[in-house]
Amino acid sequence: MKKFLRLTATTVLALSVLAACGGNENTNGDGGDTDNAGDDTTSETIGDGDIELVFWEFGNTGYDKLIEEYVEENPNVTINLQNSDMNDLHDNLFTSISAGTGAPDITMIEEAQIERYRNAEHAFTNLYDLGAEEVSENYLDWVCQNGENADGDFLFGLPTDIGPTVMFYRTDVFEEAGFDSSPEAVSDLVATWDDFENVAKEIQEKTGKQMVDGAELVYNARRDQATEQYFNTDDELIVEEHNQISDAYNYVASLLDQDLIGNIPLWTPEWFAGMDEGSYATMLAPAWMQGVIKDNSPEEGIWSLTTMPEGAGNWGGSYLTVPAESEHPEEAYKFIEWLTAPEQQLKAFLDYGLFPSAPAVYEMPEFLEYEDSYFGGAPVAQIFSEAAEAVVPVYKGRNYYPVDGEVKEAIDNVAAGSDPQEEWEAALVRMERILDRQ
């Protein structure tokens, strides 16, 4: 694994400021599945103590098991765990804090969604006031920084899991093209984005298959390695002031023009079928995608994973926050400090695949020894941890999602045959219209 260590160090030096989560991706970003269908909320009350904490979560976290452990150790606490769709949770939270009533004691906030609440510090408890400064070093610097305000003196939440991105790949497709399919060899083979394009050409020539399902995941990967994305810290649109986003866009447009990547939308039946059938060779995706692949391509040893070209990004992850309405902020903080501690993050990783934001976990024997026979015995934990440590934060802004969506619309139109330059210019116009409505 020395190759992975060398690549990570090079990435850190080369990128210096990096990061991000997906745009309009249909995912909960917390550990591996698409959003829960429908608007239903499920509720489970755990414990029978005098102090009740209402806890809003989304996705499949397995926190109910950890809560049982916590209330056994703290019998004075009851936790009412309420699970709902990710978008519903964030919409309900926004409505509650705007009205000043109805917010829970604890709520998850997805890492990119946190931008919606940065102008509402008054609606949240500053966790630094409750002692979070003592545990902030438990987490990767870029994760903790993303949970702060711009001045760094207000902490909205403690981080749970993260979604460091890697390259999943079909070993059979690489071998059919004549390549060594070991993780170390593929990492060397596809070390740069130019390499990625060249290998895509060889795979298409020798197998007739395309390199990746579609343009979206390639764009996301390039976008998430940019040192600047859509906005500066004053929320001014800056995509025309630097070329990193346009370079990412032009790169995928070129791959589409060469028919090196497919046009299969994420989360569609065709996408899932292609995952199992091997109609595309790679998937640039986060840690939680492991479960999606296993569920839809059950044969062991066919898929493996390695580092992405030129580094890593982050897609997904969450924070646990304490809204200011809580009548029990100290008790709420005590619980989330426990839940996000390295020991509990290890359990969440081993039980539910939630990738830890606490680097101390990366040194724990159970983590270091974790290998996955499904991925051919690849050192999964180590590959993801090295990707996680390569990520450095980039500012997103509260309009990140709608602006990112305009780029995705342009990419979809290019995939359908439209002119890339015309679509880019049209996307810029739509971005400005969005900001004019603010």
Side-chain angles (χ1 to χ4, degrees), residues 19-29 32-35 86-87 110-113 163-170 190 193 196-197 200 209-226 229-230 239 244-275 279-290 292-293 296 305 308-316 394 396 400-418 420 423-424 426-427 430-431:
C21 165
N24 289 331
E25 295 89 347
N26 182 24
T27 169
N28 65 21
D33 294 321
T34 54
D35 285 344
M86 185 185 80
N87 292 327
E110 195 265 345
E111 66 98 12
Q113 293 274 359
T165 48
V166 300
M167 188 174 79
F168 295 91
Y169 65 94
R170 293 272 308 202
V190 192
W193 289 109
F196 186 86
E197 181 176 352
K209 296 178 178 179
Q210 293 173 312
M211 186 65 164
V212 70
D213 52 0
E216 184 170 345
L217 293 184
V218 181
Y219 173 75
N220 290 348
R222 290 289 301 260
R223 176 203 63 200
D224 292 352
Q225 291 178 353
Q229 291 191 18
Y230 303 122
V239 291
Q244 296 182 76
I245 292 298
S246 60
D247 283 352
Y249 172 85
N250 289 329
Y251 180 81
V252 298
S254 174
L255 295 185
L256 285 166
D257 182 61
Q258 299 175 75
D259 197 32
L260 297 178
I261 56 180
N263 187 21
I264 308 174
L266 293 176
W267 315 117
T268 61
E270 294 79 11
W271 183 74
F272 288 116
M275 193 185 305
S279 58
Y280 46 86
T282 71
M283 188 189 307
L284 307 174
W288 50 259
M289 193 65 80
Q290 297 173 81
V292 179
I293 294 173
N296 292 279
L305 67 154
M308 277 208 310
E310 300 185 27
N314 184 74
W315 173 4
V394 64
K396 292 181 181 176
Y400 172 87
Y401 274 130
V403 166
D404 186 69
E406 297 304 337
V407 179
K408 299 291 177 56
E409 180 177 337
I411 290 172
D412 288 344
N413 292 339
V414 171
S418 297
E423 289 298 333
W424 176 252
R430 294 195 301 271
M431 291 178 196

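By convention here, the first residue in the shown sequence is residue 1. Source: prediction; values computed, not measured.
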J.: Rounded to the nearest 0.5 Å, what separates atom CD1 in Ile264 from atom CG in Leu217?
T.: 11.0 Å

J.: Can a donor-acceptor pair be found, under 3.5 Å and without considering hydrogens, that links the side chain of Trp288 to the backbone of Trp315?
T.: yes

J.: Is there a side chain to side chain contact (heavy atoms under 4.5 Å, CB included) between Trp424 and Ile245 once you walk through the steps?
T.: CA-CA 11 Å; Trp424 176 252; Ile245 292 298; 3.8 Å; yes

J.: Flag the pair Val403 / Glu406 as yes when at least one side-chain heavy-atom distance between them is below 4.5 Å, and no otherwise.
T.: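 They are not in side-chain contact.
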
J.: Any idea which heavy atoms bring Ala226 and Gln244 closest together, and the distance?
T.: CA-OE1, 3.2 Å

J.: Would the distance check show the side chain of Asp404 and the main-chain N or O of Tyr400 forming a donor-acceptor pair, the cut-off being under 3.5 Å?
T.: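 No; zero donor-acceptor contacts below 3.5 Å.
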
J.: Within the side chain of Tyr251, is there an N or O that forms a donor-acceptor pair under 3.5 Å with the backbone of Val218?
T.: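 Checking the backbone N and O of Val218 against the side chain of Tyr251, no donor-acceptor pair under 3.5 Å is found.
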
J.: Looking at every heavy atom in both Pro420 and Tyr249, which two are closest together, and how far apart are they?
T.: O-OH, 2.7 Å

J.: Compare all side-chain heavy atoms of Asp412 with those of Glu216 and state whether any distance is below 4.5 angstrom.
T.: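 With C-beta onward as the side chain, the pair stays apart.
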
J.: State, with a plain yes or no, whether a side-chain heavy atom of Asp224 is found less than 4.5 Å away from one of Gln229.
T.: yes

J.: If you look at every heavy atom in Ala112 and Lys396, which pair is closest and at what distance?
T.: CB-NZ, 3.9 Å

J.: Measuring only between side-chain heavy atoms, which start at C-beta, is Asn87 closer than 4.5 Å to Glu110?
T.: no

J.: Given side chains that start at C-beta, do those of Tyr169 and Val190 come closer than 4.5 Å, heavy atoms only?
T.: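 A side-chain contact under 4.5 Å is absent here.
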
J.: Could you list the donor-acceptor pairs under 3.5 angstrom formed by side chains in residues 279-286, with sequence neighbours left out?
T.:
{"unit_1": "Tyr280", "atom_1": "OH", "unit_2": "Trp271", "atom_2": "O", "d": "2.8"}
{"unit_1": "Tyr280", "atom_1": "OH", "unit_2": "Met275", "atom_2": "N", "d": "3.3"}
{"unit_1": "Thr282", "atom_1": "OG1", "unit_2": "Met211", "atom_2": "O", "d": "2.8"}

J.: Heavy-atom distance under 4.5 Å between the side chains of Arg222 and Val252, does that happen here?
T.: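 SC-SC contact between Arg222 and Val252 ruled out.
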
J.: Looking only at non-hydrogen atoms, find the nearest pair between Ala415 and Asn263 and report the distance.
T.: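 It is CB-OD1, 3.6 Å.
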
J.: Looking only at non-hydrogen atoms, find the nearest pair between Phe196 and Pro309 and report the distance.
T.: CD1-CG, 4.0 Å

J.: If the condition is side chain to side chain donor-acceptor pair (under 3.5 Å), which residues does Gln258 pass it with, not counting sequence neighbours?
T.: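 Partners of Gln258 under the side chain to side chain donor-acceptor pair (under 3.5 Å) test: Glu197, Ser254.
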
J.: For Ala427, is there any backbone N or O sitting under 3.5 Å from a side-chain donor or acceptor partner on Glu409?
T.: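 It does not hold such a pair.
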
J.: Find the distance between CD (Gln225) and CE (Met308) and round it off to the nearest 0.5 Å.
T.: 4.5 Å

J.: Testing the basics here: between Leu256 and Gly262, what is the closest heavy-atom pair and its distance to 0.1 Å?
T.: CD2-O, 3.9 Å

J.: Indicate yes or no for a side-chain donor-acceptor contact from Gln290 to the backbone of Ala287 under 3.5 Å, with no hydrogens or angles considered.
T.: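 Side chain of Gln290 to backbone of Ala287, a donor-acceptor pair under 3.5 Å: yes, one is there.
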
